[in-house]
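For reference, positions follow the sequence shown, starting with 1.
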Amino acid sequence: MRATITLLRGDGVGPEVVESAVQVLNSLGHDFTFQDAPFGIAGILTTGSAFPDETRRACESSDAVLLGAVGGPAGSTPAGSPRPEAGLLALRKHFGLFANLRPVKTYAALVDHAPLKPQLLQDVDILFVRELTGGIYFGPRQEPPEQFDKESSASAHDTLVYSACEVARVSRVAFEAARQRRKQVASVDKANVLASSRLWRQTVEQVATEYPDVALSHQLVDSFAMQLMTRPSAWDVVVTGNMFGDILSDEASILAGSLGMLPSASLNEGTFGVYEPVHGSAPDIAGQNIANPIGTILSAAMLLRYSLKLFDDSLRIEQAVEAVLAEGARTADIANGGQYVSTSEFTQAVIQKLCA
Ligand code: NAD
Ligand code: IPM
Ligand code: MN
């Protein structure tokens with residue numbers, strides 16, 4: 001199959017883990033054209049923008065985007081520059097990528113060394129559906145003044161706004177997904193305090209009437225954060241607003257073994273998507289060839305599934321990752337203090353499995 005994939009390698013470990021995923025994609029024997037475009041700090045340093053126009057055009061001319069991560073330590077961009085993270089938000093908004101799918105599962109090979117008791121980790125298979133283009137990330141805001149006295153009345157604010165139609169469309173993605181899975185949706189909100197959450201809850205209730213075959217429960221975010229650790233196998237599809245989904249998915253990565261393990265797909269109504277690991281640029285380990293590439297390799301598998309409809313190849317990649325873990329290969333973050341292999345060695349092991 002022919003397809004054009006734009007690579008936004010980004011910052012920190014981004015280029016290392018994207019390289020792994022590209023090598024895995026290249027081993028499948030398709031006619032993929034990869035085009036690189038500057039994003040994040042590289043975009044700021046070359047054009048002054050974290051999401052330059054040329055990068056937007058490259059993404060527009062491709063079937064899908066594979067992204068590493070953005071962001072760096074203080075001082076990595078000139079004073080007064082935009083934040084690299086602003087480029088990511090602009091990308092998501094530009095393409096209307098309102099549905100962010102973040103699957104979380106445990107691997108039998110990793111359960112014994114996980115931070116949680118092994119008996120809790122049987123049959124954990126959760127799909128987070130995070131709203132990605134609304135909520136507090138995009139509401140009206142007031143930045144703090146450049147300088148202010150700690151005793152002054154200087155203030156700053158962010159605003160959490162949701163409209164019913166925004167909630168309804170992401171809820172439908174969750175209910176549709178649940179129909180293909182265990183037919184349960186948990187909607188996470190803070191309806192005991194927030195007006196926007198009361199709108200969220202009422203909207204999800206209305207959408208649920210279209211899906212009588214799917215069971216819906218409402219969970220308050222604070223107790224859900226706790227229950228995610230105490231009964232992780234109880235959850236099927238979890239639908240949340242933008243910020244709660246951001247936080248809960250990092251928490252849930254503990255169930256998989258490491259933040260480096262989780263993939264994501266950011267989708268609009270069509271087949272275009274941006275695929276990226278859940279983790280960030282991990283400046284503390286960047287440039288050492290020790291980052292876990294699994295989150296990005298599995299993001300590439302999601303790209304094949306959702307944008308290119310290459311279902312068999314997608315599954316093959318997921319099975320190859322699982323098989324390599326089952327044989328004992330570990331990157332440093334999941335080695336539990338024991339022996340580990342490099343990013344590129346782990347990647348080669350996955351490719352060997354695919355080609356076997
Ligand atoms: P992070 O996700 O980059 O790292 C958190 C911890 O997890 C670190 O200890 C890191 O070493 C570890 N880690 C992350 N990915 C790993 C991997 N693949 N393999 C092994 N270990 C891994 O979060 P942070 O340190 O809070 O943020 C760093 C920068 O990344 C910030 O600028 C932040 O804004 C940005 N960020 C970007 C994205 C994105 O581009 N999608 C996502 C989250 C954070
Ligand atoms: C993520 C990241 C981003 C988010 C940041 C870097 C803007 O944490 O994709 O999870 O908060 O959405
Ligand atoms: Mn995050």
Side-chain angles (χ1 to χ4, degrees), residues 99-131 135 167 170-194 197-198 200-201 203-205 207-208 211-265 277-279 292 294-295 298 302 318 321-322 325-326 333-334 336:
N100 182 221
L101 310 188
R102 298 187 159 188
V104 179
K105 57 173 272 194
T106 47
Y107 291 89
L110 299 183
V111 157
D112 281 341
H113 294 297
L116 293 189
K117 292 193 180 77
Q119 62 266 33
L120 286 178
L121 293 175
Q122 306 308 316
D123 306 317
V124 173
D125 182 359
I126 306 172
L127 178 67
F128 282 87
V129 180
R130 170 190 176 194
E131 201 291 325
V167 180
V170 76
S171 303
R172 279 196 190 94
V173 172
F175 281 101
E176 291 291 338
R179 272 198 171 151
Q180 308 301 319
R181 298 169 47 101
R182 304 196 303 280
K183 298 191 169 53
Q184 295 170 40
V185 171
S187 170
V188 175
D189 64 34
K190 185 71 185 172
N192 54 345
V193 176
L194 302 177
S197 279
R198 289 188 278 276
W200 178 281
R201 195 175 275 222
T203 308
V204 176
E205 289 277 351
V207 172
Y211 298 88
D213 52 324
V214 178
L216 169 67
S217 76
H218 298 286
Q219 304 293 329
L220 295 169
V221 63
D222 46 359
S223 88
F224 180 75
M226 177 273 293
Q227 294 187 68
L228 194 52
M229 294 296 113
T230 54
R231 351 191 262 129
S233 59
W235 313 106
D236 180 14
V237 177
V238 178
V239 63
T240 78
N242 205 339
M243 187 160 71
F244 295 159
D246 177 45
I247 298 168
L248 292 171
S249 53
D250 270 36
E251 185 196 3
S253 74
I254 296 306
L255 305 170
S258 159
L259 184 50
M261 309 276 299
L262 297 194
S264 87
V278 167
H279 67 75
N292 187 333
I294 294 178
L298 295 178
M302 293 184 87
E318 290 164 353
V321 167
E322 183 148 17
L325 288 172
D333 55 318
I334 50 174
N336 206 37

Hey, does Leu101 have a side-chain heavy atom less than 4.5 Å from the side chain of Met302? yes
Quick one: CG on Asp333 to CG on Leu259, what's the gap to the nearest 0.5 Å? 9.0 Å
So do the side chains of Thr106 and Leu110 get within less than 4.5 Å of each other, counting heavy atoms only? no
Between atom CD1 of Ile126 and atom CD of Gln184, what is the distance when rounded to the nearest 0.5 Å? 11.0 Å
In sequence, state the C-alpha distance, the side-chain angles, and the governing distance for Trp200 and Leu194, and then conclude on side-chain contact (heavy atoms from CB on, under 4.5 Å). CA-CA 10 Å; Trp200 178 281; Leu194 302 177; over 6 Å; no
Compare all side-chain heavy atoms of Leu120 with those of Thr230 and state whether any distance is below 4.5 angstrom. no
Side-chain heavy-atom pair Val239, Val173 within 4.5 angstrom cut-off: no
Could you walk me through whether Arg130 and Thr240 pass the side-chain hydrogen bond (donor to acceptor under 3.5 Å, both in side chains) test, one step at a time? CA-CA 5 Å; Arg130 170 190 176 194; Thr240 78; over 6 Å; no
For a quick test of reading the model, state the closest non-hydrogen atom pair linking Ser264 to Val278 and the distance between them. CB-CG2, 4.1 Å
Between Leu255 and Pro232, the two heavy atoms sitting closest are CD2-CB, 3.6 Å
Which atom of Ala114 lies closest to which atom of Leu121, heavy atoms considered: CB-CD1, 3.4 Å
Can you tell me if Gln122 uses its side chain to pair, donor with acceptor, with the backbone of Pro118 under 3.5 Å? yes
Determine the minimum heavy-atom distance between Gly295 and Pro277, stating which atoms define it. C-CB, 3.9 Å
With side-chain contact (heavy atoms from CB on, under 4.5 Å) as the criterion, how do Glu176 and Tyr211 come out once you've worked through the C-alpha distance, each side chain's angles and the decisive distance to 0.1 Å? CA-CA 8 Å; Glu176 291 291 338; Tyr211 298 88; 2.7 Å; yes
Please report the interatomic distance CD1(Ile334) to OH(Tyr107), rounded to the nearest 0.5 Å. 9.5 Å
Shortest non-hydrogen contact from Pro103 to Pro263? CD-O, 3.7 Å
Non-hydrogen side-chain atoms of Thr203 and Arg198 separated by less than 4.5 Å: no
Does Asp213 come within less than 4.0 Å of Arg179, counting only side-chain N to carboxylate O? yes
Strictly by modelled atom types, are Ser249 and Glu251 linked by a side-chain donor-acceptor pair under 3.5 Å? no
Atom CG in Asp222, atom CG in Asn192: separation rounded to 0.5 Å? 6.5 Å
Shortest non-hydrogen separation from Ser233 to Val124 and the atoms involved: N-CG2, 4.0 Å
Any side-chain heavy atom of His218 sitting closer than 4.5 Å to one from Val188? no
Kindly determine whether Lys105 and Glu318 satisfy salt bridge (charged side-chain N to carboxylate O under 4.0 Å, His left out), including the steps that lead there. CA-CA 11 Å; Lys105 57 173 272 194; Glu318 290 164 353; over 6 Å; no
Just verifying a value: how many Å separate Asp123 CG and Arg182 CZ, rounded to the nearest 0.5 Å? 8.0 Å
Test side-chain contact (heavy atoms from CB on, under 4.5 Å) on Val167 and Val207 and set out the steps. CA-CA 9 Å; Val167 180; Val207 172; over 6 Å; no
Could you walk me through whether Asp189 and Arg201 pass salt bridge (charged side-chain N to carboxylate O under 4.0 Å, His left out), step by step? CA-CA 7 Å; Asp189 64 34; Arg201 195 175 275 222; 2.8 Å; yes
With heavy-atom distances below 4.5 Å as the criterion, would you say the side chains of Trp235 and Val104 are in contact? no
Rounded to the nearest 0.5 Å, what's the gap from OG on Ser187 to CD on Gln219? Could you check? 9.0 Å
Ignoring hydrogens and angles, tell me if any N or O in the side chain of Asp236 forms a donor-acceptor pair with the backbone of Lys183 under 3.5 Å. yes
What do the steps show when you test Arg102 against Asp246 for side-chain contact (heavy atoms from CB on, under 4.5 Å), and what is the final call? CA-CA 10 Å; Arg102 298 187 159 188; Asp246 177 45; 4.2 Å; yes
Checking side-chain contact (heavy atoms from CB on, under 4.5 Å) against Val185, which of Leu127, Leu216, Val129 comes through? Leu216
Is there a side-chain contact between Ser258 and Ser253 in this structure, where contact means two heavy atoms from C-beta onward sitting under 4.5 Å apart? no
